[in-house]
Amino acid sequence: MKKLTKTRPNVSLATLLLGLATATSATAADLNVPTAVYPTIQAAVNAAQTNDTIHIASGVYTGQVQIISKTLTLIGQPGTILRATKAMSPFPGATPEQFPIMGVRSSQITVQGLTFEGERLAGHFVGPGALHGIFLRESSANVENCAFYGFRESTPGPEDAEAITATGFEDDAVNVHVVGCTFADNYTGVFFTGLPTHQSMNVTIENNTLIGPGPLDNDFTPLGILIREGVGGRIAGNTISGFSYIGTNVDFPISFGILAANEANWPAFGILQPLIIEGNTLRDNQMHIALIKGDGSVVRNNR
């Protein structure tokens, strides 16, 4: 195997007259996985500096990835798979411990061309936590041309699972973009939630395909896209199908292609942040689009 190492351009120093100041400049680097230097994705993440790019070769990777206080780009080749295992560690979230394949906190990331496989392992993580493909906590992200499969239980039951979850509970708004991705066989495709008082997350969910798990009888209604308080933005050009519920164990025994509802002051419901929902194609869902107190939102040109 060819040995590839992280390289950086030479640092240029400009010394001013009288030695009053010294200026240093550096350029972002490319890191390659797997190599002798970076045998795992986590090893590359740990070594990466601001604005570095991690290139991940084709293959199956089973180690959990945790990205904390970083600004990074991760790019996969065709056939790059990040797969859940029962050995995944809890990742600290604003709510009880979560179990993501990729956990991100206080960071800015771009993720391209990766496939996340949940292996239907939600039933293994018993308790209040959930199985996730990507879990974003107080982080901005561009998730582009990725795929998410099998974030659910093997046999439908009481444990939740979501392909992408993002939380933004701080005053500084985060920006999350999910574009050109494929979701299939997941309880929930995309779940975003923020502050009850004002918009703390700006989102773009565009040109994705979300295929539900079909009629299910469990303790969670399957959902294509779920938007809660503090989240505003655009949901456009998506194709969403196959979300339906046949059980009776929940307060609202209905599945939704797109559901936007503020639960911060449940059961009264608060007012949502404005959303634009346009140009989506929805089929074979129990309820295609629902907004509860969606003041200022726009729903147009959906099919």
Side-chain angles (χ1 to χ4, degrees), residues 1-6 29-50 52-93 96-127 129-139 141-154 159-166 181-183 185-186:
M1 180 170 60
K2 184 179 179 181
K3 182 177 179 180
L4 298 175
T5 58
K6 175 179 173 182
D30 292 325
L31 292 72
N32 295 275
V33 176
T35 64
V37 179
Y38 308 114
T40 65
I41 300 171
Q42 189 65 57
V45 168
N46 292 343
Q49 298 183 31
T50 299
D52 282 356
T53 298
I54 299 172
H55 299 272
I56 309 168
S58 301
V60 177
Y61 299 83
T62 56
Q64 185 184 51
V65 179
Q66 296 194 9
I67 302 172
I68 299 174
S69 300
K70 298 270 187 175
T71 300
L72 297 176
T73 296
L74 296 89
I75 300 176
Q77 301 301 311
T80 302
I81 298 170
L82 278 65
R83 183 170 290 166
T85 71
K86 296 179 181 179
M88 291 193 308
S89 301
F91 186 77
E97 303 292 355
Q98 309 299 325
F99 295 88
I101 295 177
M102 180 178 290
V104 184
R105 187 177 72 202
S106 303
S107 297
Q108 298 182 32
I109 66 165
T110 294
V111 179
Q112 299 175 343
L114 301 179
T115 295
F116 294 80
E117 294 183 349
E119 294 290 280
R120 296 188 172 186
L121 287 178
H124 174 76
F125 303 105
V126 177
L131 172 68
H132 307 270
I134 299 176
F135 182 83
L136 302 164
R137 178 183 175 190
E138 316 303 340
S139 296
N142 297 309
V143 183
E144 305 167 356
N145 301 315
C146 292
F148 300 82
Y149 304 116
F151 290 91
R152 52 167 291 180
E153 297 162 288
S154 178
E159 301 302 322
D160 198 6
E162 295 141 7
I164 300 178
T165 300
C181 296
T182 299
F183 301 80
D185 194 35
N186 308 303

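Quick note: numbers below take in every heavy atom, side chains included, and nothing from hydrogens, waters or symmetry partners. We number each residue from 1, following the sequence as shown.
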Using 0.5 Å steps for rounding, measure from the [atom1] atom of [X] to the [atom2] atom of [Y].
{"X": "Asp160", "Y": "Glu153", "atom1": "CG", "atom2": "CD", "answer": "8.5 Å"}
{"X": "Glu162", "Y": "Phe135", "atom1": "CD", "atom2": "CZ", "answer": "8.5 Å"}
{"X": "Thr182", "Y": "Asn145", "atom1": "OG1", "atom2": "CG", "answer": "8.5 Å"}
{"X": "Thr71", "Y": "Gln49", "atom1": "OG1", "atom2": "CD", "answer": "12.0 Å"}
{"X": "Asn46", "Y": "Thr40", "atom1": "CG", "atom2": "OG1", "answer": "7.5 Å"}
{"X": "Gln112", "Y": "Gln77", "atom1": "CD", "atom2": "CD", "answer": "10.5 Å"}

With no hydrogens and no angle check, is any side-chain donor or acceptor of [X] less than 3.5 Å from a backbone partner on [Y]?
{"X": "Ser58", "Y": "Pro78", "result": "yes"}
{"X": "Gln98", "Y": "Ala130", "result": "yes"}
{"X": "Ser139", "Y": "Gln108", "result": "no"}
{"X": "Glu159", "Y": "Ala122", "result": "no"}
{"X": "Ser107", "Y": "Ser69", "result": "yes"}

Taking all atoms of both residues into account, what is the closest heavy-atom pair of [X] and [Y], and its distance?
{"X": "Pro39", "Y": "Pro34", "answer": "O-CB, 3.5 Å"}
{"X": "Phe91", "Y": "Val104", "answer": "CZ-N, 3.6 Å"}
{"X": "Phe125", "Y": "Lys86", "answer": "CE2-O, 4.0 Å"}
{"X": "Ala44", "Y": "Leu31", "answer": "O-CD2, 3.4 Å"}
{"X": "Leu82", "Y": "Met102", "answer": "CD2-CE, 4.0 Å"}

Do Arg120 and Asp185 pass the side-chain contact (heavy atoms from CB on, under 4.5 Å) test, and can you show the C-alpha distance, the side-chain angles, and the key distance before you say yes or no?
CA-CA 9 Å; Arg120 296 188 172 186; Asp185 194 35; 3.0 Å; yes
For [X], run the side chain to side chain contact (heavy atoms under 4.5 Å, CB included) check against [options] and tell me which one passes.
{"X": "Val65", "options": "Ile54, Ile41, Ile56", "result": "Ile41"}
{"X": "Ile109", "options": "Asn142, Leu136, Thr73", "result": "Leu136"}
{"X": "Tyr61", "options": "Ile101, Thr80, Leu114", "result": "Thr80"}

Does [X] reach the side chain of [Y], with side-chain heavy atoms less than 4.5 Å apart?
{"X": "His124", "Y": "Phe99", "value": "no"}
{"X": "Phe183", "Y": "Ile164", "value": "yes"}
{"X": "Ser106", "Y": "Arg137", "value": "no"}
{"X": "Val45", "Y": "Gln66", "value": "no"}
{"X": "Tyr38", "Y": "Val33", "value": "yes"}
{"X": "Phe148", "Y": "Val143", "value": "yes"}

Tell me, please, which residues at least two apart from Thr62 pass side-chain contact (heavy atoms from CB on, under 4.5 Å).
Val60, Arg83, Thr85
Please name all residues satisfying ring-ring contact (aromatic ring centres under 6.0 Å, His included) with Phe151, sequence neighbours left out, ordered by chain then number.
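Phe151: no ring-ring contact (aromatic ring centres under 6.0 Å, His included) contacts found.
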Apply the test salt bridge (charged side-chain N to carboxylate O under 4.0 Å, His left out) to residues Asp52 and Lys70: give CA-CA distance (whole Å), side-chain angles for both, the deciding distance (0.1 Å), then the verdict.
CA-CA 9 Å; Asp52 282 356; Lys70 298 270 187 175; over 6 Å; no
